[in-house]
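In what follows, a single structure is set out as structure tokens and then discussed.
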Amino acid sequence: MKQKTEIERLFRSHYERMYNLARCILYDDDECKDVVSDVFATLLADGIVLLPEIEEGYLLRSVRNRCLNVIAHKSIRTQVENLLLNEKKQIFSDDDDEQLDQLMQIIDGLEPPIRQRILRLRYLKEMSYQEIAEREGVSKVTVYNHLSQAIDLIRKQFLAQQE
């Protein structure tokens, strides 16, 4: 109960600055509210107790880091959508089925195998980074790195096959 009261105090004291920081980075009201709420939810769920002299810095840094994760997530999602959906008119021409088969072979051959699993979980099952990290027993950073490397590799191999 004491921790819940402390979270409420932190919320009242720092919410506006945290939201404004998120707004400067993301420019989306709903995403900003989600980011700030996630920070407080993590504090509550993990039982984190902040010293008064570091609380503002910690909270603002947490908001910034979550905003950067949101941007990175969007970047990877956009890359995959561009690779697999939006660019399909340029990538897939007359032999759509053959080229789609080539793309699937590249995905099936991704190494290490965790990279293939992470890519499929993220874009076929639409799982969050956190859900994938928990399922695979790795960090969210590892999930991000594998997705980023998978997309780069797929793009390079697929485009090389097309030449």
Side-chain angles (χ1 to χ4, degrees), residues 7 18 21-50 54 57-163:
I7 296 291
M18 293 168 70
L21 174 60
R23 186 79 174 125
C24 288
I25 297 171
L26 297 176
Y27 305 109
D28 182 288
D29 290 329
D30 291 333
E31 284 181 342
C32 295
K33 290 174 185 174
D34 288 345
V35 162
V36 175
S37 294
D38 286 347
V39 170
F40 286 111
T42 300
L43 286 175
L44 190 58
D46 294 347
I48 298 171
V49 178
L50 300 175
I54 66 160
Y58 178 88
L59 294 171
L60 292 176
R61 198 167 36 259
S62 295
V63 167
R64 184 201 67 204
N65 291 341
R66 286 188 188 270
C67 288
L68 295 176
N69 287 343
V70 168
I71 291 168
H73 171 96
K74 284 182 183 179
S75 174
I76 288 179
R77 186 168 187 87
T78 300
Q79 288 176 22
V80 169
E81 287 172 352
N82 286 340
L83 179 64
L84 300 176
L85 302 175
N86 295 340
E87 293 179 356
K88 69 180 176 185
K89 291 176 185 166
Q90 296 170 359
I91 293 173
F92 301 119
S93 55
D94 300 330
D95 292 326
D96 286 349
D97 291 337
E98 181 182 324
Q99 292 174 342
L100 186 57
D101 287 342
Q102 289 174 347
L103 181 60
M104 294 310 294
Q105 286 175 355
I106 293 169
I107 292 170
D108 289 341
L110 285 174
E111 291 292 333
I114 191 173
R115 189 166 293 157
Q116 181 186 138
R117 288 192 310 269
I118 288 173
L119 184 76
R120 290 178 188 276
L121 290 172
R122 180 71 190 116
Y123 294 105
L124 297 178
K125 298 205 178 208
E126 297 184 357
M127 293 175 71
S128 71
Y129 283 27
Q130 184 64 43
E131 291 169 329
I132 296 169
E134 289 171 2
R135 180 173 177 165
E136 294 295 320
V138 298
S139 70
K140 287 195 296 186
V141 172
T142 300
V143 171
Y144 170 81
N145 287 337
H146 277 295
L147 285 172
S148 179
Q149 291 169 6
I151 291 165
D152 289 343
L153 184 67
I154 291 167
R155 178 177 285 122
K156 286 174 188 171
Q157 287 185 5
F158 188 76
L159 293 177
Q161 287 181 0
Q162 300 306 306
E163 294 176 349

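Quick note: residue numbers are just sequence positions, from 1.
Atom-to-atom distance recorded for Lys140:NZ and Glu134:CD is 9.0 Å, nearest 0.5 angstrom. Going from atom CD1 of Ile114 over to atom CG of Leu119 covers 12.5 Å, rounded to the nearest 0.5 Å. The CD atom of Gln130 lies 10.0 Å from the CD1 atom of Ile132; values are rounded to the nearest 0.5 Å. Atom CZ of Arg135 is separated from atom CD1 of Ile118 by 11.0 Å, given to the nearest 0.5 angstrom. A distance of 5.0 Å separates CD1 of Ile154 from CG of Leu110, quoted to the nearest 0.5 Å. Of the inter-residue distances, the one linking Ser148 atom OG with Asp152 atom CG reads 5.0 Å to the nearest 0.5 angstrom.
Side-chain atoms of Arg66 never come within 3.5 Å of backbone atoms of Ser62 as a donor-acceptor pair (strictly under, hydrogens ignored).
A heavy-atom distance below 4.5 Å is found between the side chains of His146 and Thr142. Residues Leu121 and Val143 are not in side-chain contact: their nearest non-hydrogen atoms beyond the backbone lie 4.5 Å or more apart. At a threshold of 4.5 Å between non-hydrogen side-chain atoms, the residues Tyr129 and Leu147 count as touching.
Among all heavy-atom pairs drawn from Ala150 and Arg115, the shortest one is CB-CG, 3.6 Å.
Shown here are the salt bridge (charged side-chain N to carboxylate O under 4.0 Å, His left out) partners of Arg117, two or more places apart in sequence or in another chain: Glu136.
The list of ring pair (Phe, Tyr, Trp, His ring centres under 6.0 Å) pairs with a residue in residues 22-50, not counting sequence neighbours, reads Phe11-Phe40.
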Tell me which donor-acceptor pairs under 3.5 Å the side chains of residues 29-38 have, and how far apart each pair is, sequence neighbours excluded?
| from | atom 1 | to | atom 2 | distance (Å) |
| --- | --- | --- | --- | --- |
| Asp29 | OD1 | Tyr19 | OH | 2.5 |
| Asp29 | OD1 | Arg23 | NE | 3.2 |
| Glu31 | OE1 | Lys74 | NZ | 2.9 |
| Glu31 | OE2 | Lys74 | NZ | 3.0 |
| Ser37 | OG | Lys33 | O | 2.9 |

Please assess Val70 against Ile25 for the test side chain to side chain contact (heavy atoms under 4.5 Å, CB included), listing each intermediate value before the final yes or no.
CA-CA 10 Å; Val70 168; Ile25 297 171; over 6 Å; no
